[in-house]
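Each chain gets a letter, A, B and so on, in the order the sequences are listed, and its residues count up from 1.
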Amino acid sequence: MLDVTYIRENAEKVKQAMQNKGESNPEIVDKVITVDEQWRSLVQETDELRSESNDKAKKIGALMGQGKKDEAQEIIDYTSKLKEEIQEKETKLRSLKNHREDLLLQIPNVPHKSVPVGKTEEDNEVFKSWGEPNKEEWRKPHWELGEEQEWIDFERGAKVTGAGFPFYVGPIARLQRALINYFLNTATENGFTELQVPYFINEDSARGTGQIPDKEDMMYEIPRDEFFAIPTAEVPVTNFHRDEIIDKDDLPIRYTSYTPCWRREAGSYGKDVRGLNRLHQFDKVELVKMVHPDDAYDELESLREYAESLLEALEIPYRTLLMCTGDMGFTQTKKYDLEVWSPGQQRWLEVSSCSNFGSFQARRMMLRYRKENGDTETLHTINGSGLALPRVVAAILEIYQQEDGSILVPDVLQPFMGTEIITS
RNA sequence: GGAGAGGUGGCCGAGCGGUCGAAGGCGCACGCUUGGAAAGCGUGUGUGCGUCUAGCGCGUACCGAGGGUUCGAAUCCCUCCCUCUCCGCCA
């Protein structure tokens with residue numbers, strides 16, 4: 001959610017941003033400004049009446065104290081009418097505020113000036129490439145190898161739960177654990193504080209990071225207890241400091257957290273969902289930063305570089321895309337996607353998405369910091385994966401695949417795996 | 001899950017229908033005092049929203065959350081949430 005004051009003062013800029021992001025109704029900007037004006041003038045009127053009513057109530061109290069019941073009664077008759085008027089205005093106020101909120105929620109975040117303007121993924125910019133994508137065709141896709149070697153059991157997963165909930169068996173279960181440990185250790189060594197978080201969240205938290213309203217369909221629900229299963233650790237981690245004021249000397253705050261993630265992924269199909277490409281439950285190590293607004297873009301770059309360094313350490317070829325305005329999402333001001341090369345599929349797979357949300361999330365959850373002069377200000381949030389597990393596993397199974405079906409273990413994982421090679 | 005107690009400012013803790021945004025204490029900040037420090041003394045110290053003459057201004061809202069009673073609610077009533085104690089259950 002953008003700041004109304006900002007919208008009021010930058011109406012044209014916001015409209016342009018909406019157009020660049022492919023939002024079709026920039027007239028919402030004018031509407032929001034109108035509703036906001038109505039709301040503000042009504043606030044003033046209401047506050048004046050309240051002020052009068054408070055005065056009168058005090059007078060009544062004083063008169064009652066002196067036993068002057070008749071005089072008090074006169075004022076009471078008057079304030080009863082006042083009261084009705086106030087209640088009327090309060091009702092109107094509530095509906096105006098809700099209307100303003102509804103409109104505000106339809107206005108996307110404003111992209112940074114360094115973001116390429118574009119409509120679809122075609123317009124994303126290749127920001128960086130690392131390593132050589134392997135074009136050899138003999139490598140099996142990870143699902144074929146995984147099933148052959150009985151390392152990944154999709155069928156039993158489907159039996160026990162449903163499609164998209166695989167079992168990982170033996171050495172591949174261990175490989176995931178190795179990756180998780182490696183990612184968490186590395187993040188901790190790089191200044192991120194590890195957090196173990198609740199896997200279920202309440203509605204307020206879902207609202208805070210923007211899953212609600214609009215994207216609740218992505219989440220699994222536990223209706224009886226009014227919880228949602230987390231679609232990413234971003235939700236509990238960012239909400240950790242919801243409704244708090246953080247001392248500026250404590251910024252930036254950096255957290256890392258490993259969690260399973262649950263996503264309904266309604267509407268996905270075809271090659272997108274083959275094997276480990278897209279699951280309903282997957283593991284991820286998430287990175288979240290809460291930063292001073294002036295540092296946000298530097299912090300985004302360093303987050304991106306950090307995520308890239310993980311892939312380099314694993315020696316997995318990748319490319320970094322700078323997402324264009326049309327493909328970057330509603331809440332972000334700038335976003336990079338990291339994609340690894342899958343030689344078994346001859347395609348790129350996204351393993352990390354690093355985004356700056358500006359004050360968009362923080363405003364919704366009243367997440368502020370205290371400035372030098374004592375004022376409070378909304379801080380900025382940044383997050384990214386470091387990294388999402390299944391596609392990294394897929395890449396390792398394909399890139400490190402030998403002709404006999406065994407898998408060489410990347411150097412950095414060997415201490416965690418206790419072996420240099422995975423055989424069936 | 002059953003029975004009871006309770007949720008007030010950064011913290012502790014009073015208030016239990018009117019003058020309460022809220023006593024008192026602690027903490028913190030600044031000043032005085034001191035050779036320096038402690039003690040002592042003085043002043044200040046919540047958040048959101050609106051507003052302007054933008055001031056250590058004015059108004060308003062907020063004492064777990066939401067609703068209600070009343071001219072007036074931190075105080076009374078209802079619903080919910082959370083915490084603590086005992087019992088039950090249990091990784």
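B:G42 and B:G48 have their P atoms separated by 31 Å, given to the nearest Å. Taking the C1' atom of each, B:G15 and B:G67 are spaced 24 Å apart, rounded to whole Å. Between B:G18 and B:U75, the two C1' atoms lie 11 Å apart (nearest whole Å). Remark: the separation of the P atoms in B:C12 and B:G55 is 36 Å, to the nearest Å. Comparing the P positions of B:C80 and B:G72 gives a spacing of 27 Å, expressed to the nearest Å. The separation of B:G9 from B:C62, taken at their P atoms, amounts to 15 Å, rounded to a whole angstrom. Nucleotides B:G36 and B:G31, compared at atom P, are 14 Å apart to the nearest Å. Using P as the reference atom, B:U85 and B:C58 are 46 Å apart when rounded to the nearest Å.
In this structure, A:Trp39 places its CH2 atom 11 Å from C1' of B:U51, rounding to the nearest Å. One interatomic measurement links the two molecules: CZ of A:Arg8 to C1' of B:G50, which rounds to 10 Å at whole-angstrom precision. Rounded to a whole Å, the CD atom of A:Glu226 is 14 Å from the C1' atom of B:U79. The distance between atom CG of A:Leu42 and atom P of B:C49, rounded to the nearest whole Å, is 18 Å. Rounded to a whole Å, the CD atom of A:Glu90 is 14 Å from the C1' atom of B:G68. Atoms NZ (A:Lys58) and C1' (B:G17) sit 16 Å apart, rounded to a whole Å. Between A:Met1 atom CE and B:G48 atom P the separation is 14 Å, expressed in whole Å. One atom, CG of A:Asp47, and another, C1' of B:U51, lie 9 Å apart when rounded to the nearest Å.
If you check every strand for non-hydrogen atoms under 4.0 Å, A:Ile75 touches nothing. At a threshold of 4.0 angstrom between heavy atoms, the contacts of A:Ser41 with the nucleic acid are absent. Counting any heavy atom pair closer than 4.0 Å across all strands shown, A:Leu82 reaches no nucleic acid atom. A:Asn54 comes within contact range of the sugar-phosphate backbone alone, with a heavy-atom separation under 4.0 Å but no base atom that close.
Residue A:Gln44 has its side chain nearest to B:G50 when only B:G50, B:G48, B:G18 are considered. Listed nucleotides: B:G48, B:C71, B:U60. Nearest to the side chain of A:Ile76: B:C71. Nearest to the side-chain atoms of A:Lys83 among the listed nucleotides B:U70, B:U60, B:G48 stands B:U70. Taking the side chain of A:Ala57 as heavy atoms from C-beta on, and the options B:G72, B:U47, B:U60, the nearest nucleotide is B:G72. Out of B:G48, B:C71, B:A61, the shortest distance to the side chain of A:Arg50 is found at B:A61. The side chain of A:Arg368 lies closest to B:G48, out of B:G48, B:A61, B:G50.
The residue among A:Ile60 and A:Thr376 whose nearest nucleotide of RNA chain B lies closer to the 5′ end is A:Thr376. A residue-by-residue look at A:Lys56 and A:Arg94 shows that A:Arg94 has its nearest nucleotide of RNA chain B further toward the 5' end.
OP1 or OP2 of B:C49 has not a single side-chain nitrogen or oxygen of A:Arg40 nearer than 4.0 Å. Between A:Arg370 and B:G46 there is no side-chain polar atom (N or O) within less than 4.0 angstrom of OP1 or OP2. Proximity of A:Ser51 to the phosphate of B:U60: a side-chain N or O atom is located under 4.0 Å from OP1 or OP2.
Under the Watson-Crick or G-U wobble criterion, with both distances below 3.5 Å, B:G9 has no partner in any strand shown. Across every strand in view, B:G1 sits in a pair with B:C87 that passes the Watson-Crick or G-U test at under 3.5 angstrom. Across all strands shown, B:G40 forms a Watson-Crick or G-U wobble pair with B:C32, both key distances being under 3.5 Å. Remark: B:A73 base-pairs with no nucleotide; criterion is Watson-Crick or G-U wobble with both hydrogen-bond distances under 3.5 Å. Judged by Watson-Crick or G-U wobble contacts below 3.5 Å, the nucleotide B:A22 has no partner. Nucleotide B:U47 has B:A61 as its partner under the Watson-Crick or G-U criteria, with both atom distances under 3.5 Å. Pairing of B:C16, defined by two Watson-Crick or G-U wobble distances under 3.5 Å, is not identified with any nucleotide.
Put simply, CG on A:Asn202 and CD1 on A:Ile222 are 11.5 Å apart, with the number rounded to the nearest 0.5 Å. Distance CG/A:Asn25 to NZ/A:Lys31: 7.5 Å, rounded to 0.5 Å. A distance of 14.5 Å separates CD1 in A:Ile245 from NZ in A:Lys248, rounded to the nearest 0.5 Å.
Around CD of A:Glu226, the count of heavy atoms belonging to other residues, nucleotides or ligands within 6.0 Å does not exceed 12. Around atom CD of A:Glu244, more than 12 heavy atoms belonging to other residues, nucleotides or ligands sit under 6.0 Å away.
One finds no salt bridge joining A:Asp55 and A:Lys59 here, because no Lys/Arg side-chain nitrogen approaches an Asp/Glu carboxylate oxygen to under 4.0 Å.
Note on ring orientation: taking the six-membered ring where Trp is involved, the planes of A:Phe416 and A:Tyr182 are perpendicular (angle over 60°, cut-offs 30° and 60°).
Cation-pi check for A:Arg304 over A:Tyr336 is met; the charged atom lies under 6.0 angstrom from the ring centroid and within 45 degrees of its normal.
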